[in-house]
Amino acid sequence: MNRIVVITGAASGIGQAAAQRLFDAQWTVVMLDVAFDARMTTRNERLYALHCDVADSASIDSAFAQITDRFGAPDALVCSAGVLRIGALADMQPADFDALYTVNTRGAWLCARAAIQSMRAQRSDAPRRIVFVGSISGIRPKVGNGAYGAQKAALHTLTGVLAAEVGGEGILVNAVAPGTVDTPMIQAMSDPTRTGRYRPSGTSPLGRVATPDDVAAVIEFYLGEQSNYVTGTVLPVDGGTRGAFIPASA
Ligand SMILES: NC(=O)c1ccc[n+]([C@@H]2O[C@H](COP(=O)([O-])OP(=O)(O)OC[C@H]3O[C@@H](n4cnc5c(N)ncnc54)[C@H](O)[C@@H]3O)[C@@H](O)[C@H]2O)c1
């Protein structure tokens with residue numbers, strides 16, 4: 001069976017790992033990213049790359065029109081495109097606050113909206129799937145990261161409501177909520193010489209930060225038949241970080 005998945009933010013990190021894992025699982029993968037070219041290019045058998053700026057609704061509409069023309073409606077969408085802006089709420093700049101909401105929350109919603117409209121135009125007996133990449137920050141916020149946590153909490157809320165709204169149409173909507181994942185997003189912000197650098201959301205009981213593939217594996221679960229009766233959920237992928245706070249001296 002030829003299944004089509006569209007992945008945003010697929011040029012890096014979690015989105016890239018999801019693209020690799022789903023490609024290996026025989027999906028046809030359309031990778032979207034602001035870093036890709038405007039023309040759809042073939043990277044490999046069943047692997048395509050296309051420019052999409054999720055902050056721009058016209059760019060999203062154009063990308064989904066190209067995808068639908070070429071492949072028909074996608075079977076699944078993974079929304080991983082995102083940016084990180086940190087800072088205390090009293091001090092951070094409006095442009096940084098806006099970037100978080102425009103890319104991470106509104107961008108994911110617009111992509112889901114475009115995918116659902118394409119899915120509605122072409123019915124399927126098998127469930128369709130949407131997976132948002134939320135964050136543990138949206139469940140257990142931390143100081144210095146309030147705007148990011150708030151917009152991820154908004155994304156988690158959208159997950160539940162959208163799941164209820166489109167469940168009757170056979171579309172499942174879920175979210176993963178990773179703790180710290182070793183990706184370029186975090187590496188860029190973790191330089192100890194940087195003012196206002198990124199700090200992890202606590203110590204993982206598993207003794208390591210997540211790899212991108214730790215998260216991609218759970219995304220694959222949400223795209224498989226094992227999760228046919230799972231929708232509206234937000235699943236922490238945090239190595240138990242949220243389970244209990246581990247004091248520094250422990
Ligand atoms: N890395 C972590 O610790 C962590 C933890 C929890 C949640 N997340 C979330 O995971 C998702 C992926 O993050 P990552 O760690 O893989 O980061 P990353 O920086 O490695 O990858 C993000 C990708 O999104 C793309 N992107 C950014 N703005 C875009 C736009 N406007 N349109 C299209 N693409 C755009 C980037 O070009 C990049 O390829 C994000 O939503 C992030 O908030 C990350």
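Hydrogens, waters and symmetry mates play no part in the numbers below; they use all other heavy atoms, side chains included. All ligand and atom numbering here is 1-based and tracks the order in the structure. One is the number of the first residue; the rest follow in order along the sequence.
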Taking R208 first and then D214, would you say they form a salt bridge - that is, a charged N and a carboxylate O separated by under 4.0 Å?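 Yes.
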R21 and D213 ion-paired at < 4.0 Å: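 Yes, this pair counts.
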Side chain to side chain, R106 and L110, heavy atoms closer than 4.5 Å: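 Result yes, sub-4.5 Å side-chain heavy-atom pair found.
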Please output the residues near ligand 1 using a strict heavy-atom distance under 4.0 Å, listed in chain and residue-number order.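 Around ligand 1, where the cutoff is 4.0 Å for heavy atoms, the contacting residues are G9, A11, S12, G13, I14, D33, V34, C52, D53, V54, A55, S80, A81, G82, V83, V103, V133, G134, S135, Y148, K152, P178, G179, T180, V181, T183, P184, M185, I186.
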For residues 162-177, run the donor-acceptor check on the side chains, cut-off 3.5 Å, and write out each pair with its distance to 0.1 Å, sequence neighbours left out.
{"unit_1": "E169", "atom_1": "OE1", "unit_2": "R120", "atom_2": "NE", "d": "2.7"}
{"unit_1": "E169", "atom_1": "OE2", "unit_2": "R120", "atom_2": "NE", "d": "3.4"}
{"unit_1": "E169", "atom_1": "OE2", "unit_2": "R120", "atom_2": "NH2", "d": "2.9"}
{"unit_1": "N174", "atom_1": "OD1", "unit_2": "G232", "atom_2": "N", "d": "3.3"}
{"unit_1": "N174", "atom_1": "OD1", "unit_2": "T233", "atom_2": "N", "d": "3.0"}
{"unit_1": "N174", "atom_1": "OD1", "unit_2": "T233", "atom_2": "OG1", "d": "2.6"}
{"unit_1": "N174", "atom_1": "ND2", "unit_2": "V230", "atom_2": "O", "d": "2.9"}

Under the ring-ring contact (aromatic ring centres under 6.0 Å, His included) definition, can you give me all pairs with a residue in residues 97-150, not counting sequence neighbours?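 Residue pairs passing ring-ring contact (aromatic ring centres under 6.0 Å, His included), neighbours aside: F97-Y101.
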Quick one: salt bridge (charged side-chain N to carboxylate O under 4.0 Å, His left out) pairs with a partner in residues 31-59, sequence neighbours left out?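 Passing the test, one end in residues 31-59: no pairs.
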